[in-house]
Amino acid sequence: MDFLYWLIIFLIGFIGSFISGMVGIGGSIIKYPMLLYIPPLLGFAAFSAHEVSGISAVQVFFATIAGVWAYRKSEYLNKKLIIYMGGAVLLGSFVGGFGSEGLSEEVINVVYGVLAALAAIMMFVPKKNLDDRPMSEVAFNGWLAAVLAFIVGVGAGIVGAAGAFLLVPIMLVVLKIPTRMTIASSLAITFISSIGSTAGKLMTGQVLFVPAVIMIIASIIASPLGAKVGQKMNTKVLQWLLAILIAATAIKIWLDIL
């Protein structure tokens, strides 16, 4: 493979991880279609859906570590939320990641499309007075959070996406968590989730080593930069950016499925 090919892989990882740190997702919602479609579009060999999901799972693990590190001194990391949703999504993602080996590429893409469509619909639900409360007064139903996180984890583990693109709308719309706390806490939850999906993909031999390493390097550089930019942006802008990204990806995936 030539230099241009590896540069493209690096740039896909960098763009996805920058947005990951900025809006609190693992970045697979962006990187999955980019890895699937951009290399063959430019005349290079295409990755299979299994290979893309394996690379994505490993990359998300490192992108979210870097993003959480950038938030470590802020008040936005909600420990109760992280424990309840993180534990449940870890169990679910391991089940999904380990079980995905027996699924066809078509099934993996359909699961991804369904999750993306649900997330897109939820992101366009109005969120009134969400960011008016002090961070110390935020409360939520822990068991509801755990059950929803487990369901997301199973589906996300199948596609190696860690599920933050669906966890974020759940936290905003169902649990009523303020935007900045959602973004920071979802990075931590996604990191926990990615442990399960990454372990499942590695144990079943679905990870290509060299592309994964290049994406990891891009993640460690770009994710903290995105987190710093996100902390300074207006919360409404962050919500709309995430909504547009998720909706665009859902449309693209379904166009290809159909």
Side-chain angles (χ1 to χ4, degrees), residues 20-21 23-26 28-29 60-61 63-65 67-99 114-116 118-159 161-200 227 230-231 235 238-239 242-243 246:
S20 158
V23 298
I25 57 175
S28 283
I29 191 100
V60 164
F61 179 84
T64 49
I65 290 176
V68 170
W69 183 254
Y71 275 105
R72 70 193 184 281
K73 294 180 180 178
S74 74
E75 61 177 340
Y76 302 129
L77 290 168
N78 186 311
K79 291 176 183 175
K80 180 185 174 185
L81 188 67
I82 292 165
I83 291 168
Y84 270 88
M85 297 191 82
V89 84
L90 173 59
L91 181 60
S93 66
F94 184 79
V95 171
F98 194 76
V114 170
L115 288 174
L118 286 170
I121 291 165
M122 291 176 70
M123 282 306 298
F124 288 100
V125 173
K127 306 166 194 66
K128 295 179 181 178
N129 306 319
L130 192 64
D131 299 304
D132 296 341
R133 290 172 294 165
M135 295 297 157
S136 59
E137 295 179 11
V138 173
F140 62 94
N141 185 321
W143 288 111
L144 176 62
V147 169
L148 292 172
F150 177 79
I151 294 167
V152 169
V154 172
I158 290 172
V159 297
F165 65 93
L166 190 49
L167 288 176
V168 166
I170 286 171
M171 291 159 76
L172 291 171
V173 178
V174 181
L175 302 176
K176 308 293 184 185
I177 306 295
T179 305
R180 293 197 195 282
M181 182 174 283
T182 291
I183 289 171
S185 299
S186 78
L187 280 170
I189 294 162
T190 306
F191 162 66
I192 295 169
S193 164
S194 70
I195 297 170
S197 54
T198 301
Q231 289 181 58
T235 54
L238 288 170
Q239 287 178 20
L242 187 58
I246 292 172

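All values reported here derive from a predicted model rather than from experimental measurement. Values below: every heavy atom of this structure, side chains too, minus hydrogens, waters and symmetry copies.
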Taking atom CG of Leu148 and atom CD1 of Ile170, what is their separation to the nearest 0.5 Å?
-> 5.0 Å
Value for CD1 (Ile83) from OG (Ser185), rounded to nearest 0.5 Å, stands at 11.0 Å
Closest heavy-atom pair, Leu77 versus Ala188, reported as atoms and distance to 0.1 Å, is CD2-CB, 4.3 Å
If you round to the nearest 0.5 Å, how far is CZ of Phe61 from CD1 of Ile192?
-> 11.0 Å
Mind checking side-chain contact (heavy atoms from CB on, under 4.5 Å) for Thr182 and listing every partner two or more places apart, or none if nothing turns up?
-> Val168, Met171, Leu172, Ile177
Considering non-hydrogen atoms only, spot the tightest contact between Glu75 and Met181 and give its length.
-> O-CE, 4.1 Å
Aromatic plane relationship, Tyr84 with Phe140 - under 30° parallel, 30 to 60° tilted, over 60° perpendicular = perpendicular
From CA spacing to verdict: side chain to side chain contact (heavy atoms under 4.5 Å, CB included), Val138, Leu81 = CA-CA 10 Å; Val138 173; Leu81 188 67; over 6 Å; no
How close do Gly67 and Ala227 get, heavy atom to heavy atom, and via which atoms?
-> O-CB, 4.2 Å
Distance, nearest 0.5 Å, that separates CG of Leu187 from CD1 of Ile82 = 9.5 Å
Nearest heavy-atom neighbours spanning Ala88 and Ala149 = CB-CB, 3.9 Å
Can you tell me how far OG1 of Thr64 sits from CH2 of Trp69, rounded to the nearest 0.5 angstrom?
-> 14.5 Å
Test log, rule side chain to side chain contact (heavy atoms under 4.5 Å, CB included), inputs Val174 and Met122 | CA-CA 9 Å; Val174 181; Met122 291 176 70; 4.0 Å; yes
Just jot down the side chain to side chain donor-acceptor pair (under 3.5 Å) partners of Gln231, sequence neighbours excluded, or say none.
-> none
For Tyr76, enumerate each residue passing the side-chain contact (heavy atoms from CB on, under 4.5 Å) test, keeping only those at least two apart in sequence or located in another chain.
-> Tyr71, Ser74, Met135, Arg180, Ala184
